[in-house]
Amino acid sequence: MTDTDTIKRYLPWLVAAALFMEQLDATIVNTAVPSIAASLHVTPLSLKSVVTSYILSLAVGIPVSGWMADRFGTKRVFGTAIAIFTLASVLCGLSLNAPMMVAARLLQGLGGAMMMPVGRLSIIRTFPKNELLGAMNFVILPALIGPLLGPTVGGLIVHVTSWRAIFFVNVPVGLLALYLVWRHMPDYHGAEPRPLDVIGLILFSSGTAILSWLLEVFGEHTLDPVTAGLMLALSVALLAAYAWHASQAQFPLLRLALFNVRTFRLSVLGGFITRLGIGGLPFLLPLLYQLGLKLAPWQSGLLMMPTAAAAMGMKLIAPKVLARFGYRQVLVVNTICIGLTIGLFSLVGAATPWYAIAGIGLLQGFFNSLQFSSMNTLAYADVESKDSSMASTIASSFQQLSMSFGLATGSLVTAWFLGRVPQTDQVMVTKALHHAFLTLAVMTMLSSIVFARLRRGDGESITRSKTATAVAQDPAPLSQA
């Protein structure tokens, strides 16, 4: 086996492990907030900054990750990101007060910000386009499974042991990932060095950080409408200033001219709209199960397992589906299927049998997995190799914003339909959630309009080789090695 074959065999596992650690950590903490607050002798509401600080670090760190990978190499940056994330996890577990926890979460977010775009960049540069679908299809699974397992795993850990164990779980995974980086991580540098766009970094990072924070705390009574409006206006002004700056700068932080590549533009923008509906599900479904159906947290977690199982199963057939029908037809039809499935949750009530709920979850995981595989690979179908770093950074930045928008949209829509009714009113909470699911379903289906602008042959550079299907299963023998 050649060095290239070895890298292709282990790299998807390495990137998937790092991404799973990041995605799991991003959601697992929410469950432990009451226990952390009691231990640190503060109110749960005051620990909102523990969650928002991590989001802010991601917003600031992701845009500069591509430049760092080009400048210092993917191996060094990815390894450093994992080391920072693991060390920060330990510091979180050892925190004695809220300020220490917030500082550790800020550091952890900076490490996490480098992992996703740099890991994806390594995949893009290692696999030729006709093998990219299988590799990316394997790597995106943690992004689907992590948010679903996070609340369940967090609840079990807090129930059995101390909340501090939540952060120590990352240590063995991080050490294993560092070993794999040392042995099998390729070291790619940019074709030609470019200076860091400091002005662009300040404008874009500040704008996205303020917007991400605003979306994270949206709806809290501690933020009055005037302040929220001013913060929103400031964020929009900073992002508009960055757009103007990027059009003038020779080496912009994010080269927005890449949106002139049609498949990249339609994939990123269509994916942004799609995630507005999908992004709210990890927040709304536990509410439906626990507040609407009065299920215990562990029962709620079990009902979300079928979605993860279906997402894992879809990776085996996604390459064949895309090769047979093409990106345009798959994305248009599959987006509508996702919307219809989200709408089915509006029929779930106290009398709905568990197997019917599990069946809807299976459909959701099946369609979501196909959607992410399609969007995440189509984005690079027509992007030149020299632009892969920039494309990965832009795509990651928009995905981070879409995740924040998705959660905020789900929360806003539910609050709108609930009005001033107390959340202890089971009937009204369930009714509000049903209306929210229907609203998000329609929003999701609207993204099919964007994907309908694709052409029949778009993405053929990804699907036209028979090796695409083989690579999707290539990492599997590692478990038997």
Side-chain angles (χ1 to χ4, degrees), residues 26-27 29-31 33-34 44-45 47-48 51-52 55 147-148 150-152 154-155 211-225 228-229 232 272-297 299-301 303-304 307 338-352 357 360-361 363-365 368 401-447:
T27 55
V29 175
N30 295 331
T31 308
V33 165
L45 185 60
L47 281 184
K48 185 71 173 180
V51 178
T52 56
I55 301 296
L148 296 175
T152 304
L211 183 58
S212 296
W213 175 81
L214 190 62
L215 291 170
E216 185 69 23
V217 302
F218 189 83
E220 291 188 359
H221 298 296
T222 54
L223 193 65
D224 62 273
L232 178 61
F272 188 93
I273 300 174
T274 301
R275 289 183 178 90
L276 291 181
I278 298 177
L281 292 183
F283 171 74
L284 295 182
L285 288 178
L287 292 182
L288 175 65
Y289 298 151
Q290 296 181 39
L291 297 182
L293 306 186
K294 295 298 183 181
L295 298 178
Q299 293 174 314
S300 172
L303 280 179
M304 299 179 77
T307 303
I338 291 176
L340 292 175
T341 309
I342 295 175
L344 287 177
F345 284 111
S346 67
L347 303 177
V348 174
T352 306
I357 302 175
I360 299 175
L363 290 175
Q364 190 68 45
N368 282 4
L401 281 176
S402 67
M403 289 168 60
S404 298
F405 269 105
L407 288 172
T409 301
S411 176
L412 172 63
V413 172
T414 305
W416 173 270
F417 286 111
L418 189 60
R420 297 183 179 277
V421 177
Q423 294 185 11
T424 53
D425 190 327
Q426 180 182 0
V427 175
M428 293 305 297
V429 167
T430 303
K431 185 177 180 180
L433 288 169
H434 286 171
H435 284 100
F437 285 125
L438 291 174
T439 304
L440 296 181
V442 173
M443 292 176 59
T444 302
M445 287 190 282
L446 287 176
S447 62

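In this structure, the side chains of Ile273 and Met443 stay at 4.5 Å or more apart for every pair of heavy atoms. Side-chain contact check for Val413 versus Leu284: every heavy-atom pair is 4.5 Å or farther apart. In this structure the side chain of Ile360 reaches within 4.5 angstrom of the side chain of Thr341, judged on heavy atoms. Looking at Leu433 and Thr414, their side chains come closer than 4.5 Å, going by heavy atoms from C-beta outward.
Remark: Ser346 pairs with His434, Phe437, Leu438 by the side-chain contact (heavy atoms from CB on, under 4.5 Å) rule, at least two apart or across chains. Residues satisfying the side-chain contact (heavy atoms from CB on, under 4.5 Å) criterion with Met445, sequence neighbours excluded, are Ile336, Leu340. Under the side-chain contact (heavy atoms from CB on, under 4.5 Å) criterion, Ile357 pairs with Tyr289, Leu293, Leu303, Val348, Thr352, not counting sequence neighbours. Listed by chain and number, the residues in a side-chain contact (heavy atoms from CB on, under 4.5 Å) with Leu232 are Leu211, Leu214, Val236 (sequence neighbours excluded). Applying the side-chain hydrogen bond (donor to acceptor under 3.5 Å, both in side chains) test to Ser447 and every residue at least two apart in sequence or in another chain returns Thr274.
Atom CG of Asn368 sits about 7.5 Å away from atom OG1 of Thr307, to the nearest 0.5 Å.
What you find for Ala441 and Gly343 is that their closest heavy atoms are CB-N, 3.7 Å.
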